[in-house]
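In what follows, a structure is listed as structure tokens, so that the remarks can point back to it.
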Amino acid sequence: MARHLITSALPYINGVKHLGNLVGSILPADVYARFMRARGHDVLYICATDEHGTPAELAAAADNKDVDIYCREMHDVQENVYRGFDISFDWFGRSHSQQNHDLTQHLYKKLDENGLIEEVESLQVYSIDDGRFLPDRYVEGTCPHCGYERARGDQCESCTKVLDPTDLVNPRSALSGSTNIEIRPSKHLYLRQSKMVDELRKWIDTKTDWPHLVTSIARKWLDEGLKDRSITRDLKWGIPVAYKGVPRPGFEDKVFYVWFDAPIEYIGATAEWAEATGGDWESWWREDKGADTVRYTEFMGKDNIPFHTVGFPATLLGSKEPWKKADYIKGFNWLNYYGGKFSTSGKRGIFMDKAIALLPADYWRWYLMANAPESQDSSFSWEHFQSIVNKDLCDVLGNFANRILKFTAARFDGKIPAAGEYGPVETETLAAIEEKFRTYTDCMEQMEFRKAAAELRAIWMIGNEYLQRAEPWAIFKQDPEKAGASIRFSLELIRLFAALSAPLIPDAARRMAESVACTGIPAWPSNVKDNMSALETGAPLPAPEILFKKIEDEQITEWIDTFGGAES
RNA sequence: CGCGGGGUGGAGCAGUCUGGUAGCUCGUUAGGCUCAUAACCUAAAGGUCACAGGUUCAAAUCCUGUCCCCGCAACCA
């Protein structure tokens, strides 16, 4: 048994996330956490909402709410949606927690003591009518290069040139449209990442087993030379630039930038968990207090990789304290929607609350993991979704269980028949499953989820092949006892499949177990053949129920109409 | 010449690091079975591996160049 710390990238507080966000971090982390728990490891799966920053302030203002209350409400909304997807967080925290305040201010203090923080005065755009400083992309104006009138302060969408907000002609606030803006000097803290390039590269170079995607993005940043990074903002909502209640002089009205405090919340949320459960958070995060034996795995979409390979490690290394750093980073590409981006603002694609209202979590979990964007971007389409669900879940798995359970009900009075002698067919079947079981386990350990799903599906198919060879319906006419042994073997397979499928489709796994008179998800087997005599002979089975319902063409037509399809 | 990822039968993917009969799922076609959710099992057809050069006995795989798609470019998070 080993200790596994698992985190998934923190979802931003504004709004319910879409399926692309889900498959890129939280869902695979959950599948991995469930798998590792099933294998008997001590797992702590931590996530939280990322609550600070300008968008949260603006969304709260638009809702006419205090930003703290807004975040509290949205946190609960998000947590409920994740629970609806059977995400098995050990803790789902908030980056605004007191624990994160303390940790963020502590790390800031250490970095400062180690000479890695400096004050830099820079020119910022201030909107007098909005009463606030504007982040670059909240300033709009005419592009000095191409004349595009709606260029943003960070980049012109029309000519793709990178801009500084002060470059814009006729700049205005993107919030109010006001042109009543001015450039004001503002002092900010910068983390001197440029001094840490060698140390970071040394750390990255030890990670020879990381995915190509992750190390190539990390090296790209290091090769280009790290810039010192501003870690404070002119906002009210956030963690004050202070230590032990005393603000840093000149920074009374500033807070830490969300990207400084958000990853620290991985630790903060663990401290929240510890306070709520009596656990010991330091044994998971301090290498001098037991965390040296922890294996820490981070899950995230590729947009987050620079912050986890460079930004967050810079904070931890710079503190010169023995903080736990990632042992493995699993990065994902994008899930697209009909070849284009899922878009929160453009309302393109499927959001988690809408998805769960259409179909139970397992349908989505299976589709998303079996098609996870691991090596390249992948594309969601309703037609593809229907084909995968109907074929894999209904026809291969659901129908396998159904044909056995119906036969048991009709021919064996709905009671589990006695086991008989295994013949060559059973022996060969078990050998085939054993082989797939090993590759499946390997794939899950390596976090190769697409391949793992394919292997699991292949295991389900062996069940159908077995029935075809054993033909209990034909044997029954001459030798009911022999047919009963086949059915008993098949019922044991249902139980085995429930155990193996549980990380991916936990609710279906539980229902499969119940269908063969077991309570809860069966324990993970150490091997296949010793797990084929777990059922109680004569136990009555509940009336067979359909495990997965097929998605009809009419539903697909309707959903494309609602959510948009190829042409939208 | 900003950077990264990708281009493999009709669709979705594996294989590329460590050259050596191009593999899987869906779809299509044919056969089988009839316990089952018109499902299951077996078999077949279908690919000049984006393009052009090069290295090699041998290239999807290594090298050079070109084209196309997606993303990123540090104040969105």
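Just so it is clear: chains get the letters A, B, ... in the order the sequence lines come, proteins before strands, and each one is counted from 1.
Taking for each of Lys227(A) and Asn464(A) the nucleotide of RNA chain B with the nearest heavy atom, the 5'-most of the two is the partner of Asn464(A).
When all heavy atoms are compared, the tightest approach of Lys17(A) to Pro11(A) is CG-CB, 4.0 Å. Between Pro417(A) and Leu491(A), the closest heavy-atom pair is CD-CD1, 3.8 Å.
Taking a pair as Watson-Crick or G-U wobble with both distances under 3.5 Å, RNA chain B forms stems of 3 or more consecutive pairs at B:2-7 with B:67-72, B:10-13 with B:23-26, B:28-32 with B:40-44, B:50-54 with B:62-66.
Residue-level contact check: Phe548(A) touches the bases, meaning some heavy atom is under 4.0 Å from a base atom. When heavy atoms are screened at a 4.0 angstrom cut-off, Leu547(A) is found touching base atoms of the nucleic acid. Here Lys549(A) lies out of heavy-atom contact (under 4.0 Å) with every strand. Among the protein residues, Pro55(A) comes within range of the sugar-phosphate backbone only, with heavy atoms under 4.0 Å from sugar or phosphate atoms but none that close to a base. Among the heavy atoms of the strands lying under 4.0 Å from Thr54(A) are primed sugar atoms or P, OP1, OP2 only; no base atom is included. Here Ser230(A) lies out of heavy-atom contact (under 4.0 Å) with every strand. Backbone-only engagement by Arg457(A) is indicated by non-hydrogen atom pairs under 4.0 Å involving sugar-phosphate atoms exclusively. Nucleic acid contact class of Phe133(A) (heavy atoms, under 4.0 Å, all strands): none. Looking at heavy-atom distances under 4.0 Å, Lys406(A) makes contact with sugar-phosphate atoms alone, never a base.
When distances run from any side-chain atom of Arg403(A) to the nucleotides C40(B), A77(B), A14(B), the shortest one goes to C40(B). Nearest nucleotide to the Glu465(A) side chain, out of A74(B), C41(B), G6(B): C41(B). If you check C13(B), G71(B), A77(B) against the side chain of Lys302(A), the one that comes closest is G71(B). For Val396(A), taking side-chain heavy atoms from C-beta onward, the closest of the listed nucleotides C75(B), C40(B), C13(B) is C40(B). Taking every side-chain heavy atom of Lys550(A) into account, U37(B) is the closest of C40(B), A77(B), U37(B). The nucleotide whose nearest atom lies closest to any side-chain atom of Pro135(A) is, among A74(B), A14(B), C75(B), C75(B). Closest contact between the side chain of Asp377(A) and the listed nucleotides C35(B), C70(B), A74(B) involves C70(B). For Arg137(A), the side-chain atoms get nearest to C76(B) when compared with the rest of A74(B), C76(B), A77(B). When distances run from any side-chain atom of Trp334(A) to the nucleotides G71(B), U37(B), C41(B), the shortest one goes to G71(B). The side chain of Gln376(A) has A14(B) as its nearest neighbour among C41(B), U37(B), A14(B).
The number of heavy-atom neighbours closer than 6.0 Å to NZ of Lys482(A), taken from other residues, nucleotides and ligands shown, is 12 or below. In Glu383(A), the CD atom is crowded: over 12 heavy atoms of neighbouring residues, nucleotides or ligands sit closer than 6.0 Å.
Using modelled atom types, one finds no donor on one side chain facing an acceptor on the other under 3.5 Å when comparing Glu298(A) with Tyr266(A). Side chain to side chain, Arg94(A) and Asn100(A) fail the donor-acceptor criterion of an N or O pair below 3.5 Å. A donor atom on one side chain and an acceptor atom on the other are found under 3.5 Å apart for Asn333(A) and Lys302(A).
Between Arg469(A) and Glu428(A) there is a salt bridge, since at least one side-chain N of the basic residue sits less than 4.0 Å from a carboxylate O of the acidic one.
At least one donor-acceptor pair under 3.5 Å links the side chain of Tyr12(A) to the backbone N or O of His52(A). Remark: side-chain polar atoms of Lys330(A) are not paired, donor with acceptor, to backbone N or O of Met300(A) under 3.5 angstrom.
Side-chain N/O atoms of Tyr466(A) include none lying less than 4.0 angstrom from OP1 or OP2 on C40(B).
Across the C1' atoms, G10(B) and U55(B) are found 36 Å apart, a figure rounded to whole Å. Nucleotides C24(B) and G46(B) place their C1' atoms 15 Å apart, quoted to the nearest Å. Rounded to whole Å, the C1' atom of C51(B) lies 42 Å from the corresponding atom of C41(B). Comparing G2(B) with A73(B), their C1' atoms sit 8 Å apart, to the nearest whole Å.
Counting atom types as modelled, Gln124(A) pairs a side-chain N or O with a base atom of C75(B) as donor and acceptor under 3.5 Å.
Per the geometry, CD belonging to Gln386(A) stands 16 Å off C1' belonging to U25(B), to the nearest Å.
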Pairs under 3.5 Å (N/O, protein and nucleotides 27-33 of chain B):
residue	atom	partner	partner atom	Å
G32(B)	N2	Gln468(A)	NE2	3.2

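Between the CD1 atom in Ile13(A) and the OH atom in Tyr70(A) there is a gap of 7.0 Å [rounded to 0.5 Å].
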